[in-house]
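In what follows, a single structure is set out as structure tokens and then discussed.
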Amino acid sequence: MDGNANRRMSRKQRAAVACFKFSLISVSTLLTLLGFALIGTGIIVRLSEDFQFSLFTHLAIASVSIGFGTIFIGIVGCCSVVVRKTAVHITFISSVIIGLLATAVVCCWLVIQRNAVFEESRVSLRNAIAGYFTNDTYKQFINNIQHRLECCGAEFGLSDYGAQLDLDADTVCEMQFFAKPCHQPLWEYLSQKLILVLVINVSTGVILLLEFLLSLVMFCLLSIHI
């Protein structure tokens, strides 16, 4: 009976390992897809005309970097299931830990820098309006924002243009938006993008944590020769 019990236990253990392997491959695949999502988000943030702010440039670089990192972790995670080598397992667990730390740092940075986006957007609008009639880049920047967000000026509406404004105000803003400044709508628009990136990073962190726990359990089972 002892032999039968051992065989039954062995089958249960092998089934458990197979289950953890399947789960780890599934989570690794999901993590790889999230990596591509992070890269795509970073590229969109970097190339979009609405994100000409230094904070978002840094955010784009961080998103692309973490995206490539998560893709690497996902691929190594799949390989660690197939290739039973200590070096691969160590590389996988180490990369997951590094990925968790990097994701946590970026998420904390996003939360801390949220107020910086508010101030930077206000300063950028002020500078762009100051150079509206002398700098084509500033003019295009403001026109894009005013057209997309249906607003005018920075903090006070049409009066932000001050003495620079000629008699034909309609060439600067549409009449129905004269009294609607752009700062608050721009802040809300940028906040939505910031939250989107934050959600993707948090999701990546959760998947990394799940993968880390799955890998620990599976490797512990394998270490006792299951």
Side-chain angles (χ1 to χ4, degrees), residues 33-67 70 102-165 168-207:
L33 295 176
L34 276 175
F36 283 110
L38 279 169
I39 292 173
T41 302
I43 292 174
I44 292 173
V45 167
R46 184 67 184 87
L47 297 180
S48 176
E49 291 183 355
D50 299 322
F51 294 92
Q52 301 302 319
F53 303 101
S54 60
L55 180 63
F56 281 91
T57 300
H58 299 154
L59 178 60
I61 295 172
S63 295
V64 171
S65 300
I66 293 178
T70 53
T103 304
V105 168
V106 170
C107 290
C108 292
W109 178 71
L110 285 172
V111 173
I112 293 172
Q113 292 296 321
R114 189 169 182 268
N115 290 333
V117 177
F118 182 86
E119 183 61 27
E120 186 176 358
S121 61
R122 179 168 57 185
V123 172
S124 297
L125 284 173
R126 285 177 177 176
N127 292 338
I129 287 176
Y132 183 86
F133 295 100
T134 58
N135 188 302
D136 291 337
T137 300
Y138 284 156
K139 185 175 183 178
Q140 183 179 5
F141 173 74
I142 287 294
N143 286 341
N144 287 338
I145 290 176
Q146 292 181 155
H147 175 72
R148 172 169 294 193
L149 302 181
E150 298 181 341
C151 57
C152 182
E155 298 177 88
F156 303 104
L158 185 66
S159 60
D160 286 321
Y161 290 94
Q164 302 179 90
L165 189 63
D168 190 6
D170 290 337
T171 61
V172 176
C173 303
E174 295 184 28
M175 184 178 297
Q176 63 266 36
F177 305 128
F178 282 175
K180 181 184 176 182
C182 290
H183 182 232
Q184 188 63 31
L186 178 61
W187 159 238
E188 293 173 356
Y189 180 80
L190 294 178
S191 293
Q192 292 175 0
K193 304 302 179 183
L194 199 65
I195 291 172
L196 173 63
V197 178
L198 179 61
V199 168
I200 294 176
N201 276 276
V202 170
S203 302
T204 302
V206 172
I207 297 299

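Reckoned from all heavy atoms, side chains included, excluding hydrogens, waters and symmetry mates.
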List the atom of [X], the atom of [Y], and the distance in Å for their closest heavy-atom pair.
X	Y	answer
L34	T70	C-OG1, 4.5 Å
N201	C107	CB-SG, 3.6 Å
A128	F141	CB-CD2, 3.6 Å
L38	G67	CB-CA, 3.8 Å
G42	S63	CA-CB, 4.0 Å

Measuring from [X]:[atom1] to [Y]:[atom2], what's the distance to the nearest 0.5 Å?
X	Y	atom1	atom2	value
I66	T41	CD1	OG1	11.5 Å
W187	L125	CH2	CG	13.0 Å
L149	L186	CG	CG	6.0 Å
I207	L33	CD1	CG	10.5 Å

Practice problem: List the steps, then state whether side-chain contact (heavy atoms from CB on, under 4.5 Å) holds for Q146 with C152. | Solution: CA-CA 6 Å; Q146 292 181 155; C152 182; 4.3 Å; yes

Quiz item: Does the side-chain contact (heavy atoms from CB on, under 4.5 Å) test come out yes or no for N143 and Q140, once each step is laid out?
Solution: CA-CA 5 Å; N143 286 341; Q140 183 179 5; 5.7 Å; no

Quiz item: Does the pair C151/C182 show an SG-SG distance of less than 2.5 angstrom?
Solution: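 A disulfide is present here, as the SG pair of C151 and C182 is separated by less than 2.5 Å.
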
